[in-house]
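First the structure, in the form of structure tokens, and then the observations on it.
All chains are named by letter (A, B, ...) in the order of the sequence lines, taking the proteins before the strands, and each is independently numbered beginning at 1.
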Protein chains: 2
Amino acid sequence: MSVKIKDVAKEANVSVATVSRVLNNIPLVNDETKKRVQEAIEKTGYKPNAIARSLKMQKTNTFGIMIPDISRPYYTQVIRGVEDVCNIYNYNIILCNTDSEPTKEEKYFDVFLEKQVDGILYIGKGLSQALINKIESNKTPIVLGAVNDAMGRYHSVAINNELAAYDITNHLIENGHREIAFFTDEDEKSYVGQERKKGFLKALKKHGLKENPIFELKGKYSIRGGYDLMGELLTNTKLPTAVVALNDEMAIGAIRKLEDSGKKVPEDMSVVGFNNFQLSEWLKPGITTVAQPMYDIGAICARIMIKMLNNSKIDEKAVIVPHELIIRDSVKKL
Amino acid sequence: MSVKIKDVAKEANVSVATVSRVLNNIPLVNDETKKRVQEAIEKTGYKPNAIARSLKMQKTNTFGIMIPDISRPYYTQVIRGVEDVCNIYNYNIILCNTDSEPTKEEKYFDVFLEKQVDGILYIGKGLSQALINKIESNKTPIVLGAVNDAMGRYHSVAINNELAAYDITNHLIENGHREIAFFTDEDEKSYVGQERKKGFLKALKKHGLKENPIFELKGKYSIRGGYDLMGELLTNTKLPTAVVALNDEMAIGAIRKLEDSGKKVPEDMSVVGFNNFQLSEWLKPGITTVAQPMYDIGAICARIMIKMLNNSKIDEKAVIVPHELIIRDSVKKL
DNA sequence: CTGAAAGCGCTTACAG
DNA sequence: CTGAAAGCGCTTACAG
């Protein structure tokens, strides 16, 4: 049996109330009593029971965080950011992989409530209506990472996805590209996918270019996904001179397929990605991409959450973090 | 205010004991009463409070898991394995990044105890003496993932690291390599590093080859680390024909440095890695490596933990999962 | 400055 | 089959 506060109290010859006070650094304890209690704690090897404390305090110092898939490097960095600030403020996190499936998101939301988390961090493609209903019928604070809330109801931290897509498309156009393919998410409801599509189209429009529907391909956010999509694209008789892939893994797959088909990047086709995957700088060709401050997104989410719990004032509801166009070698100047 | 078991009881006109019984599927409840309670639960939208339950039951259904760094892909897969089986059995996990630093490991161990986790999963380079002391003065079950316990005290799940290193070194030797460099961990205490070194030396010895201390270089388990190490290696006047890097990221970095120095892989030097990093098959050249079943390691760890908590019999203390030599294009036959 | 007591939201042995 | 009550290990308002 482990030692309880009662045991410490007995050892120190005081009441449990007093022990609790020294544990929580409540000032009005006599210095000598305090020392006696501290010695008793030391001697007994007492460790407070966080569960009991949570029940009494109605606060668990735990966040629930849902992400699509922890084995994807993008999310992994976000989580590290969250963890690092959580550690500073003594919060723990419960992690759930949703695979971006709304039913899993809903299930885990309920799990979080049962576990009495103090706040929920949502990272995913966007809130389903069912999830919004759950959020609304509940007072648990929520913050969104890597997505914005289209309606501006909840706190969020993300880059400006539309602008990011605009920037990289613009980069292509300024390098003389006129026919540009777009490799996007197979999930039409993806908020981020939609935003980037908007930015892509806006850049086209600004330069008087028209979208070619044949060049918009939907697939998986993976190397294999990009590889397959490029396979599809190459069946066309007319080819674009460049492709915008919605993440770097897709871009890597697309490049590999091009090379396997005897084509060179960027000589025969330019390919750009998104997210600045850690490997993207090491590959040949280095991949031109848009970097997101993933670690910061996670860290800021956690900070906002903690502020909400402390009822501190939070400056802006939707925090936009800066993206950065990273130019490497996968784009040819025409 | 959220609804409590008391509110449900009132609604259904029964005692809280009865509500608790239907919640926990304890059979001896009248069918009709049961239905009334279920309706009341539905109506009030009651969700049980897991914290209160944990306090009473002395069981949190939570595992603490410590890993070096969640942003490294190797660990990320392990975690996914853990999570997936935890979900099946309704366990949650609290995650901590230790960066393989013993002081952090010790700190988080205490955090886990305070949080009353039901079990601890240790993933790291090996147990420090201080950590062992903590484990011993405590009854919380522990299982080790990706490392073995040299003394056989604790349950563990890992590949046979010595044999894996032996196999891949052997592969090099059978391809005619006689001078082989070894890129290893800068941390001498790494248990895994030591085991692999043993296997490396054993393979050398078997073929009557001698170790060349100049060719053993210590560095970081990252692309940058491999890049730098290769830079160091290349300062020698005499060069090996092959290098064994202790992970694929290191191997990728080494290859990049070779290429940046105008050398070709595998023509000028062969390079092999470890772990079968997801990108290793997509690169040119494809990297010859040893695959570990990372997801399975995590999943099995979790299953063992759960068995321990149920006092089920567990067949073996140290589970060895199979590794696999994956031959791609980074080794030249001499 | 300190202690006795209530209460956080559950579960379960006991009695009926 | 069901309920009253104790208790899990804490914190804190209240009284002294």
Side-chain angles (χ1 to χ4, degrees), chain A residues 1-38 40-41 44-62 90 110-118 139-140, chain B residues 1-38 40-41 44-62 90 111-118 140:
Chain A
M1 232 22 241
S2 68
V3 14
K4 321 279 154 56
I5 199 170
K6 219 161 107 185
D7 305 315
V8 178
K10 200 174 294 171
E11 178 71 32
N13 239 316
V14 295
S15 71
V16 296
T18 300
V19 177
S20 173
R21 286 192 190 100
V22 347
L23 245 22
N24 294 292
N25 268 314
I26 295 171
L28 30 85
V29 182
N30 181 311
D31 272 359
E32 201 188 319
T33 317
K34 190 171 178 179
K35 186 181 291 180
R36 221 166 59 241
V37 170
Q38 283 165 335
I41 290 172
T44 55
Y46 171 72
K47 298 246 187 309
N49 179 324
I51 298 292
R53 182 162 207 279
S54 291
L55 178 59
K56 180 64 191 173
M57 305 290 276
Q58 305 285 72
K59 182 164 192 324
T60 53
N61 267 45
T62 301
N90 242 303
D110 284 342
V111 171
F112 288 159
L113 295 188
E114 294 195 3
K115 293 261 173 179
Q116 315 294 119
V117 300
D118 296 335
K139 78 291 141 205
T140 305
Chain B
M1 235 17 244
S2 68
V3 14
K4 319 280 154 56
I5 199 171
K6 217 162 109 187
D7 304 315
V8 179
K10 199 174 292 171
E11 178 70 33
N13 237 316
V14 294
S15 72
V16 296
T18 300
V19 176
S20 174
R21 287 192 191 98
V22 348
L23 244 25
N24 293 292
N25 269 313
I26 293 172
L28 30 84
V29 181
N30 182 310
D31 272 359
E32 202 189 318
T33 317
K34 191 171 177 178
K35 186 180 291 179
R36 222 166 59 242
V37 171
Q38 283 166 335
I41 290 171
T44 55
Y46 171 71
K47 298 246 185 309
N49 179 324
I51 296 293
R53 183 162 207 280
S54 292
L55 178 59
K56 179 63 192 172
M57 306 290 276
Q58 303 285 72
K59 182 165 190 328
T60 53
N61 267 43
T62 301
N90 242 304
V111 170
F112 289 159
L113 295 187
E114 292 194 6
K115 292 261 173 179
Q116 313 295 118
V117 300
D118 296 335
T140 306

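Take Gln116(A) and apply the side-chain hydrogen bond (donor to acceptor under 3.5 Å, both in side chains) test, not counting sequence neighbours, and it matches no residue. Not a single side-chain hydrogen bond (donor to acceptor under 3.5 Å, both in side chains) links Arg21(B) to another residue, sequence neighbours left out. In terms of the side-chain hydrogen bond (donor to acceptor under 3.5 Å, both in side chains) criterion, Asn30(A) has no residue partners (sequence neighbours excluded). For Asn49(A), there are no side-chain hydrogen bond (donor to acceptor under 3.5 Å, both in side chains) partners two or more places apart in sequence or in a different chain.
With Thr44(A) contributing its side chain and Ala40(A) its backbone, the two residues share a donor-acceptor pair below 3.5 Å.
Atom CG of residue Asp31(A) and atom CZ of residue Arg36(A) lie 12.5 Å apart, to the nearest 0.5 angstrom. From Leu28(B), atom CG reaches atom OG1 of Thr33(B) across 11.5 Å, with rounding to the nearest 0.5 Å. Of the inter-residue distances, the one linking Leu23(B) atom CG with Thr18(B) atom OG1 reads 11.5 Å to the nearest 0.5 angstrom.
For the salt bridge (Lys or Arg N to Asp or Glu O under 4.0 Å) condition, the pairs that include at least one residue of residues 50-62 of chain A, sequence neighbours left out, are Lys59(A)-Asp118(A). Screening residues 5-17 of chain A for salt bridge (Lys or Arg N to Asp or Glu O under 4.0 Å) gives Glu11(A)-Lys43(A) as the qualifying pairs, with residues at least two apart or on separate chains.
Side-chain contact check for Val37(B) versus Ile41(B): some heavy-atom pair is nearer than 4.5 Å.
Following rounding to the nearest Å, Glu114(B) (CD) and dC10(D) (P) show an atom-to-atom distance of 10 Å. Atom P of nucleotide dC10(C) and atom NZ of Lys59(B) are separated by 18 Å, given to the nearest angstrom. Rounded to whole Å, the distance from CE on Met57(A) to P on dG7(C) is 18 Å. Atom CZ of Arg36(A) and atom P of dC1(C) are 14 Å apart (whole Å). Rounded to whole Å, the distance from NZ on Lys35(A) to P on dT2(C) is 14 Å. We find that NZ of Lys4(A) is positioned 7 Å from P of dC8(D), with the value rounded to whole Å. Rounding to whole angstrom units, NZ of residue Lys6(A) and C1' of dC8(D) are separated by 11 Å. Note: CD1 (Ile5(B)) to C1' (dT11(C)) measures 8 Å, nearest angstrom.
Within residues 14-24 of chain B, the residues having any heavy atom closer than 4.0 Å to DNA chain D are, in order of number, Val14(B), Ser15(B), Ala17(B), Thr18(B), Arg21(B). Near-neighbour residues of DNA chain C inside residues 44-56 of chain A, defined by a heavy atom below 4.0 Å, number-ordered: Leu55(A), Lys56(A).
Proximity of Gln58(A) to the phosphate of dG9(C): a side-chain N or O atom is located under 4.0 Å from OP1 or OP2.
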Practice task
Could you provide the dot-bracket string of DNA chain C, using ( ) for intrastrand pairs, [ ] for crossing pairs and | for bases paired to another strand, with Watson-Crick or G-U pairs below 3.5 Å?
Solution key: |||.||||||||.|||

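Separation of the C1' atoms belonging to dG16(C) and dT12(C) is 16 Å when rounded to the nearest angstrom.
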